[in-house]
Enquirer: 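Have a look at this one before I ask anything.
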Amino acid sequence: MESRVCAVTNIPRRRAESIEQKVHQMAMNKKALHGVIALAGISALALTACTGPSGGGSSSAPAAAGPIAYGTTDKVTSLDPAGSYDNGSFMVMNQVYSFLLNSKPGGAEPVPDLAESSSFTAPSEYTVKLKSGLKWANGHTLDSKDVKHSFDRQVAINDPAGPASLLTNIESVSTPDATTVVFKLENANDQTFSQILSSPAAPIVDDEVFPADKILPDDEIIKANAFYGQYTIDSYKKNELVSFKAFADYQGVLGKPANDAATIKYYASPTNLKLEIQQGAIDVAFRSLSATDIDDLRKDSKVKVLTGPGGEIRYITFNFDTMPYGTKATGADPAKALAVRQAVANLVDRQAIADQVYKGTYLPLYSNVPSGFLGANEAFKDAYGDAGKPSLDKAKKVLTDAGITEPVALNLQYNPDHYGGSSGDEYAMVKEQLEKSGLFTVNLQSTEWVTYSKASRADEYPLFQFGWFPDFSDSDNYLTPFFPEGGFLKNHYNNPEVNELISKQLTDADKTSREAAIKDVQNALAKDISTLPLLQGAQVAVTGSGVNGVEKTLDPSFKFRLGVISK
């Protein structure tokens with residue numbers, strides 16, 4: 001999950017070798033032990049890999065004295081669901097907003113939250129019945145008009161930093177009465193729609209507070225007390241400290257929180273985050289400690305290191321307009337631009353990055369859909385390098401065949417805060433690998449996230465780092481949001497064959513044929529290289545030794561819930 005949006009078309013977009021073989025390969029390498037643990041968490045389609053009950057959250061737990069203190073290096077872009085599409089923002093939203101459908105801690109299957117029931121009432125019609133008598137924390141009535149308003153404004157605002165790209169299969173939303181919502185879909189048999197209703201595009205907001213045509217500033221949201229979740233926000237200093245208090249009138253699927261209050265503290269560096277969890281100044285550290293820090297913390301008896309199922313990926317994005325030989329670059333030549341991308345793919349050594357930078361907490365990723373998800377293959381391993389190892393000969397040949405005889409200058413951008421302190425080492429190694437070939441010179445630059453998240457999609461970076469933390473556990477979440485007409489990446493990629501294949505797999509109810517289409521998509525993407533997959537990782541949290549419940553929320557929903565934590 002990252003900030004993104006794409007133009008609405010009739011192609012719906014969403015944020016979108018066997019696992020046993022991979023685990024066997026990694027088990028042969030002691031350095032990759034943690035990577036084996038990470039992939040073990042992804043197995044079985046990442047749906048049954050976490051510990052803890054599958055029941056209704058922590059509703060039976062008594063409220064603790066609290067508060068629970070959570071620390072992170074993530075940053076908040078916006079508390080308005082239409083204005084952000086990143087982990088830092090969604091972390092806060094998950095505590096204070098509800099969804100029509102949500103998942104219980106420990107699993108990923110959507111179940112009614114604000115809804116009382118939901119189902120397809122026709123192939124292109126999905127009907128939700130709401131609970132009655134719901135009230136926002138400010139006393140306003142919460143009913144179907146809020147639901148329609150929430151989805152309509154997402155699409156109307158279509159903010160570049162928002163998640164509207166997830167909703168393009170919605171043709172219209174109607175409200176026959178105060179407790180009924182009917183979604184009319186452009187494409188029938190949408191295999192992911194129930195997941196979409198629990199995604200970052202789907203927090204329900206107060207129609208009396210949130211304007212229909214613009215993003216509402218954080219301070220106005222706080223002032224309006226426009227919340228309906230396990231918590232409300234008691235105080236807020238953006239990207240410094242957020243204080244929550246339990247909301248007594250919450251009636252959603254998550255139940256009563258296991259604590260009566262919680263805080264989120266924001267850190268400028270992983271080093272400070274590590275120090276504070278070791279000293280007991282916070283109860284939980286999550287996103288993002290460096291691999292070296294995690295390895296060190298495993299040896300500290302005062303803390304616990306917990307690993308949950310992974311779906312996170314890291315990759316390089318190519319801007320098809322501004323990269324060397326891109327459509328708007330000097331000397332534009334699409335064939336040469338493709339050769340540059342393919343040469344880079346032949347030279348990058350994922351295994352070295354995983355081992356040396358991430359100590360095995362990440363594994364090499366050879367396709368756009370990560371291992372453990374339906375239809376995942378290793379298309380890039382088959383197409384480039386030497387069975388996953390870099391190949392200078394292949395890189396030279398592809399450039400020479402395209403008529404490129406001089407070293408190519410690449411401007412490569414990465415982010416040092418949002419993707420963890422090891423990003424600098426990761427991209428320094430990418431630079432070293434490319435320049436060692438003699439085929440490239442790399443100008444490596446970094447930018448802080450608040451600027452980076454917008455500039456990366458405003459044609460300012462020809463090549464840039466991105467990561468993805470999935471909205472839900474389905475292969476489509478790695479396809480639909482990214483690739484039709486450039487998706488949320490705004491990188492000007494568009495391949496009609498890919499668009500058609502993505503649309504096909506999205507609406508195919510037959511698992512076998514859907515899996516085949518997902519593989520075909522990956523093979524086509526490996527030829528074009530809109531993005532270059534690098535690494536796949538797990539969810540890793542560190543807690544104090546007396547802190548309980550975190551393992552319940554490191555689940556395949558990829559939603560971190562403060563309400564399960566107690567001490």
Side-chain angles (χ1 to χ4, degrees), residues 1-16 80-86 90 99-101 110 120 122-128 147-174 181-205 212-213 215 368 457 468 470-472 474-508 514 517-518 521 525 530-531:
M1 162 196 332
E2 296 306 345
S3 304
R4 54 201 124 187
V5 85
C6 52
V8 176
T9 74
N10 60 3
I11 300 293
R13 299 182 193 82
R14 316 259 189 312
R15 261 211 323 158
D80 187 331
S84 62
Y85 197 3
D86 57 82
F90 197 50
F99 304 76
L100 294 178
L101 305 179
F120 275 99
S124 298
E125 181 180 280
Y126 194 89
T127 301
V128 177
V147 176
K148 176 175 171 56
H149 178 75
S150 299
F151 288 95
D152 285 351
R153 73 185 294 269
Q154 282 276 14
V155 174
I157 294 172
N158 200 18
D159 190 274
S165 58
L166 291 175
L167 303 179
T168 54
N169 197 28
I170 297 177
E171 181 177 310
S172 64
V173 183
S174 60
V181 183
V182 179
F183 295 91
K184 186 176 180 181
L185 307 181
E186 291 186 3
N187 293 274
N189 302 313
D190 187 333
Q191 299 301 296
T192 66
F193 194 69
S194 63
Q195 295 274 15
I196 294 300
L197 296 183
S198 67
S199 77
I204 305 305
V205 299
D213 56 356
I215 302 300
N368 300 98
R457 283 180 296 279
W468 181 257
D471 303 310
F472 48 82
D474 189 274
S475 301
D476 177 71
N477 200 223
Y478 297 89
L479 301 175
T480 296
F482 289 78
F483 302 115
E485 297 186 11
F488 81 93
L489 296 170
K490 295 288 187 181
N491 69 334
H492 309 287
Y493 172 73
N494 187 34
N495 181 330
E497 176 194 0
V498 168
N499 296 349
E500 183 178 350
L501 286 168
I502 289 176
S503 182
K504 177 183 177 182
Q505 64 80 29
L506 181 63
T507 57
D508 192 342
R514 185 180 184 223
I518 291 169
V521 174
L525 290 169
S530 168
T531 67

Enquirer: Closest heavy-atom contact between Leu166 and Pro200?
Expert: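 Distance-wise, the nearest heavy atoms are CD1-CD, 4.2 Å.
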
Enquirer: Would you mind checking if Asp159 and Arg153 are paired as a salt bridge, meaning a charged N to carboxylate O distance below 4.0 Å?
Expert: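 Not counted as a salt bridge, because no side-chain N and carboxylate O are separated by less than 4.0 Å.
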
Enquirer: Return the CG to CG distance between Leu167 and Asn158, rounded to the nearest 0.5 Å.
Expert: 9.5 Å

Enquirer: Do you know which two heavy atoms are closest between Gln154 and Ala164, and how far apart they sit?
Expert: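 Taking Gln154 first and Ala164 second, the nearest heavy atoms are O-CB, 3.4 Å.
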
Enquirer: Minimum heavy-atom separation for Lys504 and Ala517, please, with both atom names.
Expert: CD-CB, 4.3 Å

Enquirer: Strictly distance-based, threshold 3.5 Å: is any side-chain N or O of Ser198 a donor or acceptor partner for the main-chain N or O of Gln195?
Expert: yes

Enquirer: Which residues pass the salt bridge (charged side-chain N to carboxylate O under 4.0 Å, His left out) test with Lys184, not counting sequence neighbours?
Expert: Glu171

Enquirer: Starting at CD of Glu125, measure out to OG of Ser172 and round the result to the nearest 0.5 Å.
Expert: 9.0 Å

Enquirer: Rounded to the nearest 0.5 Å, how far apart are OG of Ser165 and NZ of Lys490?
Expert: 9.0 Å

Enquirer: With distance as the sole test, does Gln191 use its side chain to make a donor-acceptor pair with the main-chain N or O of Asn189 at under 3.5 Å?
Expert: yes

Enquirer: Between Leu506 and Asp190, is a side chain to side chain contact (heavy atoms under 4.5 Å, CB included) present by the stated rule, with each step listed?
Expert: CA-CA 6 Å; Leu506 181 63; Asp190 187 333; 3.8 Å; yes

Enquirer: For Ala156, enumerate each residue passing the side chain to side chain contact (heavy atoms under 4.5 Å, CB included) test, keeping only those at least two apart in sequence or located in another chain.
Expert: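 Side chain to side chain contact (heavy atoms under 4.5 Å, CB included) list for Ala156, sorted by chain: empty.
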
Enquirer: With Ser194, which residues qualify under side chain to side chain contact (heavy atoms under 4.5 Å, CB included), at least two apart?
Expert: Leu101, Pro110, Tyr126

Enquirer: As an exercise, state the distance from CD1 of Ile170 to CD of Glu186, rounded to the nearest 0.5 Å.
Expert: 9.5 Å

Enquirer: The criterion is side chain to side chain contact (heavy atoms under 4.5 Å, CB included); which residues satisfy it with Thr531, sequence neighbours excluded?
Expert: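 Residues passing side chain to side chain contact (heavy atoms under 4.5 Å, CB included) with Thr531: Tyr315, Thr317, Asn368, Phe483, Leu489.
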
Enquirer: For Asp86 and Ser84, work out which heavy atoms get closest and say how close.
Expert: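 Shortest heavy-atom contact: OD2-CB, 3.6 Å.
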
Enquirer: Could you tell me the separation between the CD1 atom of Ile157 and the CD1 atom of Ile215, rounded to the nearest 0.5 Å?
Expert: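 Reported to 0.5 Å precision, the distance equals 4.5 Å.
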
Enquirer: Quick one: closest heavy-atom pair of Thr192 and Arg514, and the distance?
Expert: CG2-NH2, 4.2 Å

Enquirer: Determine, stepwise, if the pair Asn491 / Ser530 fulfils side chain to side chain donor-acceptor pair (under 3.5 Å).
Expert: CA-CA 8 Å; Asn491 69 334; Ser530 168; 2.9 Å; yes

Enquirer: When you measure from the side chain of Asn169 to the backbone of Asn187, do you find a donor-acceptor pair of N or O atoms at a distance under 3.5 Å?
Expert: yes

Enquirer: Within this structure, what is the CD1-CD1 distance for the pair Ile502 and Ile518, rounded to the nearest 0.5 Å?
Expert: 10.0 Å

Enquirer: Would you check if Phe120 and Thr127 make a side-chain contact, meaning some heavy-atom pair closer than 4.5 Å?
Expert: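 Side chain of Phe120 against side chain of Thr127, heavy atoms only: no contact under 4.5 Å found.
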
Enquirer: Does Phe183 have any ring pair (Phe, Tyr, Trp, His ring centres under 6.0 Å) partners at least two apart in sequence or in another chain, and if so, which?
Expert: Phe151, Phe193

Enquirer: Is a side-chain N or O of Ser199 found less than 3.5 angstrom from the main chain of Ala201, in a donor-acceptor match?
Expert: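 Confirmed, Ser199 side chain pairs with Ala201 backbone.
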
Enquirer: Could you walk me through whether Val173 and Asp152 satisfy the side chain to side chain contact (heavy atoms under 4.5 Å, CB included) test, starting with their C-alpha distance in whole Å, then the side-chain angles of each, then the deciding distance to 0.1 Å, before giving a yes or no?
Expert: CA-CA 8 Å; Val173 183; Asp152 285 351; 4.1 Å; yes

Enquirer: Just to verify, what does Leu501 make a side chain to side chain contact (heavy atoms under 4.5 Å, CB included) with, not counting sequence neighbours?
Expert: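 For Leu501, the residues satisfying side chain to side chain contact (heavy atoms under 4.5 Å, CB included) (neighbours in sequence not counted) are Glu497, Asp520, Val521.
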
Enquirer: Looking only at heavy atoms, which two atoms of Pro81 and Pro163 are closest? And how far apart?
Expert: O-CD, 3.2 Å

